[in-house]
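First up is the structure itself, then whatever we jot down about it.
In what follows, chains are A, B, ... by sequence order, proteins preceding strands, each numbered from 1. Since we're looking at a predicted model, the values are computed, not measured. Because only heavy atoms are used, hydrogens play no part in the values below, and waters and symmetry mates are left out as well, while side chains stay in.
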Protein chains: 2
Amino acid sequence: MPEARAPTRIQRKNRAAILDAALDVFSSQGFRGATVDEIATAAGLSKPNLLYYFPSKEAIHAAVLEQLLDTWLDPLRALDPSGEPLEEILAYMHRKLQMARDLPRESRLFANEIVQGAPRIHDVLSTDLKALVDEKVAVIRAWMDAGQIAQVHPYHLIFSIWSLTQHYADFDVQVRAVLGPEDPFAAAPEFMETLYRRLLTPPDQA
Amino acid sequence: MPEARAPTRIQRKNRAAILDAALDVFSSQGFRGATVDEIATAAGLSKPNLLYYFPSKEAIHAAVLEQLLDTWLDPLRALDPSGEPLEEILAYMHRKLQMARDLPRESRLFANEIVQGAPRIHDVLSTDLKALVDEKVAVIRAWMDAGQIAQVHPYHLIFSIWSLTQHYADFDVQVRAVLGPEDPFAAAPEFMETLYRRLLTPPDQA
DNA sequence: GTATGATTTGACCAAAAGGTCAAACTCACG
DNA sequence: CGTGAGTTTGACCTTTTGGTCAAATCATAC
């Protein structure tokens with residue numbers, strides 16, 4: 001493995017190619033189903049060459065996952081406590097939906113990992129993720145208590161946003177099989193906007 | 001493999017044990033990640049003994065999946081066109097939520113398969129599943145046109161029920177990591193009931 | 001242009017995994 | 001209680017797979 005010194009041009013190119021190829025393969029086959037050879041070929045490298053850049057399959061997976069987690073929580077982080085409550089939540093939902101459309105591989109990598117019990121990221125979930133969610137739930141609860149949005153279980157509200165948006169990436173093949181030629185992302189935003197407006201509009205504004 | 005004649009007592013017992021063990025292993029590791037040895041051990045059999053009952057790993061997987069699909073669509077089939085619209089949809093949602101709670105392994109097996117592109121059940125999705133959904137969408141559309149429930153995209157309505165309910169099974173580990181000791185299924189039914197009542201109650205009844 | 005470190009690869013290894021088979025064992029039934 | 005069908009398994013085979021290594025090739029700074 002190359003030293004931790006300044007990476008060369010070739011190192012940057014190959015590392016990026018490997019991570020991209022690994023995202024492809026891991027997201028469509030899962031960790032155990034992916035083979036180092038397949039990743040190497042997808043990256044345009046030989047297997048020993050790939051192992052020159054990463055010491056093991058585990059290490060590749062960890063690197064891809066770390067890179068993913070880094071950006072995966074950004075939409076929630078961006079929820080602004082000083083914004084207009086309903087619009088903030090809707091904007092968060094739309095950002096997540098964008099990510100499902102634009103980064104489906106990332107979503108599926110994450111789904112694969114969680115469905116199989118999250119053996120490699122359980123810690124991050126119960127520390128970093130939980131902390132972030134707890135923080136934002138406090139914000140949402142304050143909005144509810146102030147009557148700015150309707151009272152619903154805030155954690156389940158967030159789960160619902162995760163589940164509805166990621167469904168379009170993770171279950172893409174099923175959604176398309178049922179929907180036929182219609183683009184899932186054509187009607188999804190409006191449907192979800194309607195759903196959350198009706199759920200969260202406070203009673204006195206109905 | 002035993003003949004297709006009347007199965008013996010031992011055959012029934014072992015086949016059942018194998019299918020149950022396979023559901024365990026496939027749902028938590030995916031097809032490629034599961035090993036025949038692991039399934040055999042979980043079923044209390046030796047590997048050659050397991051292969052006496054099923055000719056291959058593929059065959060076991062196919063059997064488990066077929067058994068699953070058989071029951072997976074029952075809740076939707078039971079949607080009654082002559083029932084009270086909103087209550088019918090809520091009842092469907094509750095049946096799906098029950099399944100997520102009571103059959104999480106089945107849900108995760110399904111999720112694993114779909115996330116990885118549904119290589120083995122794509123046909124069923126675009127024929128049987130699509131046909132069933134099309135049929136029920138027609139019913140829902142009629143209810144909407146009659147003003148008995150609010151107008152929303154009926155396909156996305158069904159996707160939302162799938163996604164919200166199965167999330168509690170498929171992403172169980174994440175939900176619990178965020179929620180802490182609280183039982184996810186304690187608040188989920190009420191949350192979802194509220195959500196769909198607000199989404200679907202027709203405007204003139206609001 | 002050449003020395004030096006970075007990069008690449010063919011050949012190889014050991015472990016894991018799907019599957020086979022003949023021989024041994026068990027069970028149900030007359 | 002013996003017999004044939006049904007069941008089980010130890011030993012084995014082949015392929016796949018993660019990973020190693022020494023030797024060869026390449027890039028680039030001097």
Taking only Lys NZ, Arg NE, NH1 and NH2, and the carboxylate oxygens of Asp or Glu, determine whether Arg197(A) and Glu87(A) approach each other closer than 4.0 Å. yes
Rounded to the nearest angstrom, tell me the gap between atom CZ in Phe26(A) and atom P in dG18(D). 9 Å
To the nearest angstrom, how far is Gln29(B) atom CD from dG18(C) atom P? 12 Å
Give every donor-acceptor pair under 3.5 Å between a side-chain atom in residues 174-192 of chain B and any protein atom, sequence neighbours left out.
from      : atom 1 : to        : atom 2 : distance (Å)
Arg176(B) : NE     : Asp172(B) : OD1    : 2.8
Arg176(B) : NE     : Asp172(B) : OD2    : 3.2
Arg176(B) : NH2    : Asp172(B) : OD1    : 3.4
Glu182(B) : OE2    : His153(A) : NE2    : 3.0
Asp183(B) : OD1    : Phe185(B) : N      : 3.1

Going 5' to 3' through nucleotides 22-30 of chain D and flagging B where a protein heavy-atom sits under 4.0 Å of the base, S where only the sugar-phosphate is that close, and - otherwise, we get -----SS--
Would you say the side-chain atoms of Asp134(A) and Tyr155(A) include a donor-acceptor pair closer than 3.5 Å? yes
Residue-level proximity of residues 39-50 of chain A to DNA chain C when a heavy atom falls under 4.0 Å: Ser46(A), Pro48(A), Asn49(A)
Between C1' of dT16(D) and NZ of Lys57(A), the distance in whole Å: 11 Å
Report the residues that fulfil side chain to side chain donor-acceptor pair (under 3.5 Å) with Thr165(B), sequence neighbours left out, ordered by chain and then residue number. none
So, does Asn14(B) get its side chain near the phosphate of dT8(D), meaning an N or O under 4.0 Å from OP1 or OP2? yes
Side chain of Ser56(B) only, heavy atoms from C-beta on: which candidate in dA17(C), dG19(C), dG19(D) is closest? dG19(C)
Is Gln11(B) close enough to dT7(D) that one of its side-chain N or O atoms is under 4.0 Å from OP1 or OP2 there? yes
Aromatic contact between Phe54(B) and His61(B), with the criterion being ring centroids under 6.0 Å apart: yes or no? no
Give the rounded distance in Å between these two atoms: CD1 of Ile60(A) and P of dG18(D). 9 Å
Write down the distance between CG (Asp37(A)) and C1' (dG10(C)), rounded to a whole number of angstrom. 13 Å
Interatomic distance, Leu51(B) CG vs dC13(D) C1' [rounded to whole Å]: 14 Å
Set of residues satisfying side chain to side chain donor-acceptor pair (under 3.5 Å) with respect to Glu38(B), sequence neighbours excluded: Gln29(B)
Check the phosphate of dT7(C) against Thr8(A), side-chain N and O only, distance under 4.0 Å to OP1 or OP2. Yes or no? yes
Can you label the angle between the Phe159(B) ring and the His156(B) ring as parallel, tilted or perpendicular, going by 30° and 60°? perpendicular
For Arg12(B) and dC27(C), what is the distance between atoms CZ and C1' respectively, to the nearest whole Å? 15 Å
Could you give the CZ-to-P distance, from Arg32(A) to dT16(D), as a whole number of Å? 19 Å
Phosphate OP1/OP2 of dT7(C) contacted by Tyr52(A) side-chain N/O (<4.0 Å): yes
Considering every strand and a 4.0 Å limit on heavy-atom distances, what is the contact class for Ala59(A): base, sugar-phosphate, or nothing? nothing
Can you tell me if Tyr196(B) and Ser160(B) form a side-chain donor-acceptor pair at under 3.5 Å? yes
Does Ser27(B) have any side chain to side chain donor-acceptor pair (under 3.5 Å) partners at least two apart in sequence or in another chain, and if so, which? none
